[in-house]
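These notes are about the structure you will find just below.
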Amino acid sequence: MRRALLAAAVLTVMATPAFAQNYKFVIVPKAMNNPFFDFARDGCQKRAKELGNVECIYKGPVEHEPATQAQIIQDFITQKVDGLAISVADVAAMTKSIEAATAAGIPVITFDSDAPGSKRIAYIGTDNREFGVALGKQLLKLRPGGGKYALISGGPGAENLAERVDGVREALKGSKWTEVGGSPTFCNDDPALAVQQMTDLRTATPDLAAIIPVGGWPMFAPEGFKAFVSKSKKDLDAGKFTLVAADTLRMQLELLNEGYANSLIGQRPFEMGGKAMDTLLAIKKGQKVPEIIHTGLDVVTKDNVAAMLK
């Protein structure tokens with residue numbers, strides 16, 4: 001009888017959640033001062049809570065610093081976490097980091113920004129070339145008459161941003177739009193610098209007809225962005241100057257709604273964070289996952305921005 005009771009007790013304890021496999025997954029953004037990644041963090045943490053046996057750890061460089069991102073990843077390799085989801089700031093540096101993590105038995109996926117050719121298992125995020133094409137097509141739709149345009153990018157080593165730049169150029173090829181010299185500029189994901197670069201581009205080319213930031217950086221400094229646009233507001237309202245920007249964070253939607261931009265093409269970072277947890281968990285369970293998981297785009301203009309703000 002005593003043996004039966006002990007056996008029953010052991011079985012009961014083994015069936016409790018305390019004995020379930022728990023996982024620590026890390027989501028590593030390019031820069032924690034970029035509000036875009038706050039949504040990826042929120043999606044990651046929400047999904048981890050829903051799954052129950054997953055912890056979402058969110059940590060990256062405060063600013064866009066590829067070397068710091070590489071060091072943070074090395075620290076997590078040393079801690080032997082269960083999986084990494086990385087937004088790649090610099091492909092060359094991250095390829096080495098991904099190889100080190102894989103050698104340590106830690107599965108790696110990328111999100112937002114990929115490292116093709118590395119040992120990452122999957123990429124989750126935007127089809128960045130199509131994103132760039134969408135930005136270019138939106139400019140063509142708004143201003144088919146063409147003119148001079150300039151691009152603002154983030155880090156020069158980011159594969160996703162290079163693909164967006166290529167996509168914009170692809171969409172505008174053969175049109176009446178021509179890219180000015182010195183484009184794209186690189187703000188290294190710094191909102192204040194992005195605003196300054198917009199000012200510099202407009203000063204250097206007074207007849208500049210459009211600026212396309214392939215990330216939302218200048219709008220992440222809303223007061224500075226407003227100050228810049230205010231100087232060109234008459235041209236913007238008259239259709240002589242056009243602003244089509246990437247991303248649809250709330251502050252950007254509000255700026256569009258107030259007439260400080262013409263259109264936004266948005267990504268879905270919240271979904272990226274959630275899918276990262278599902279994908280890493282599936283990998284740990286030995287399941288096959290798609291190599292590429294695209295999360296889609298949203299096109300926002302003055303006609304649907306109010307609905308997006310609700």
Side-chain angles (χ1 to χ4, degrees), residues 36 125-154 158-187 194-195 197-219 225 228-229 231-249 252-268 294-308:
F36 174 87
T126 305
D127 182 329
N128 284 289
R129 180 172 285 274
E130 286 304 310
F131 190 12
V133 169
L135 287 164
K137 284 184 175 179
Q138 192 63 15
L139 177 60
L140 271 175
K141 183 177 180 180
L142 293 167
R143 295 280 300 281
K148 298 176 183 178
Y149 77 93
L151 299 167
I152 293 179
S153 190
E159 179 74 14
N160 65 327
L161 302 181
E163 289 178 354
R164 293 179 200 176
V165 168
D166 289 344
V168 173
R169 290 170 175 166
E170 179 183 326
L172 297 178
K173 186 177 181 180
S175 74
K176 295 179 181 180
W177 284 98
T178 58
E179 188 174 359
V180 299
S183 170
T185 61
F186 297 100
C187 70
V195 172
Q197 288 177 345
M198 294 182 85
T199 301
D200 294 343
L201 286 165
R202 197 78 163 119
T203 301
T205 309
D207 61 341
L208 189 66
I211 297 178
I212 304 177
V214 298
W217 314 288
M219 300 179 88
F225 184 78
F228 163 77
V229 177
K231 296 175 183 178
S232 305
K233 196 69 165 61
K234 288 183 180 180
D235 287 343
L236 192 74
D237 294 341
K240 296 179 181 179
F241 181 59
T242 305
L243 288 169
V244 177
D247 299 328
T248 50
L249 275 61
Q252 294 179 270
L253 295 172
E254 290 171 348
L255 287 166
L256 174 59
N257 196 42
E258 293 168 12
Y260 287 96
N262 299 100
S263 184
L264 302 172
I265 308 293
Q267 305 178 80
R268 297 168 183 169
H294 287 147
T295 48
L297 297 170
D298 298 301
V299 179
V300 187
T301 66
K302 63 180 182 180
D303 296 325
N304 65 338
V305 65
M308 291 287 289

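Within the structure, the side-chain hydrogen bond (donor to acceptor under 3.5 Å, both in side chains) test picks out the following pairs touching residues 203-212 (sequence neighbours left out): K148-D207. Residues in residues 257-268 take part in these salt bridge (Lys or Arg N to Asp or Glu O under 4.0 Å) pairs, two or more places apart or across chains: K226-E258, R268-D298.
Remark: S153 pairs with no residue by the side-chain hydrogen bond (donor to acceptor under 3.5 Å, both in side chains) rule, at least two apart or across chains. A search for side chain to side chain contact (heavy atoms under 4.5 Å, CB included) contacts involving K240 returns D235, A238, not counting sequence neighbours. T295 meets the side-chain hydrogen bond (donor to acceptor under 3.5 Å, both in side chains) test with no other residue; sequence neighbours excluded. Shown here are the side-chain hydrogen bond (donor to acceptor under 3.5 Å, both in side chains) partners of N257, two or more places apart in sequence or in another chain: there are none. Residues passing the salt bridge (Lys or Arg N to Asp or Glu O under 4.0 Å) test with R143: none are found, sequence neighbours excluded. Among residues two or more places apart in sequence or in another chain, the side-chain hydrogen bond (donor to acceptor under 3.5 Å, both in side chains) test is passed with N128 by Y123, R164. Residues satisfying the salt bridge (Lys or Arg N to Asp or Glu O under 4.0 Å) criterion with K302, sequence neighbours excluded, are absent altogether. Judged as a salt bridge (Lys or Arg N to Asp or Glu O under 4.0 Å), and not counting sequence neighbours, D200 has no contacts. By the salt bridge (Lys or Arg N to Asp or Glu O under 4.0 Å) test, K137 is found to be paired with no residue, residues two or more places apart in sequence or in another chain being considered.
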Identify all side-chain donor-acceptor contacts of residues 165-173 below 3.5 Å with residues at least two apart in sequence or on another chain.
from	atom 1	to	atom 2	distance (Å)
R169	NE	E179	OE1	2.8
R169	NH2	E179	OE2	3.1
E170	OE1	R129	NH1	3.0

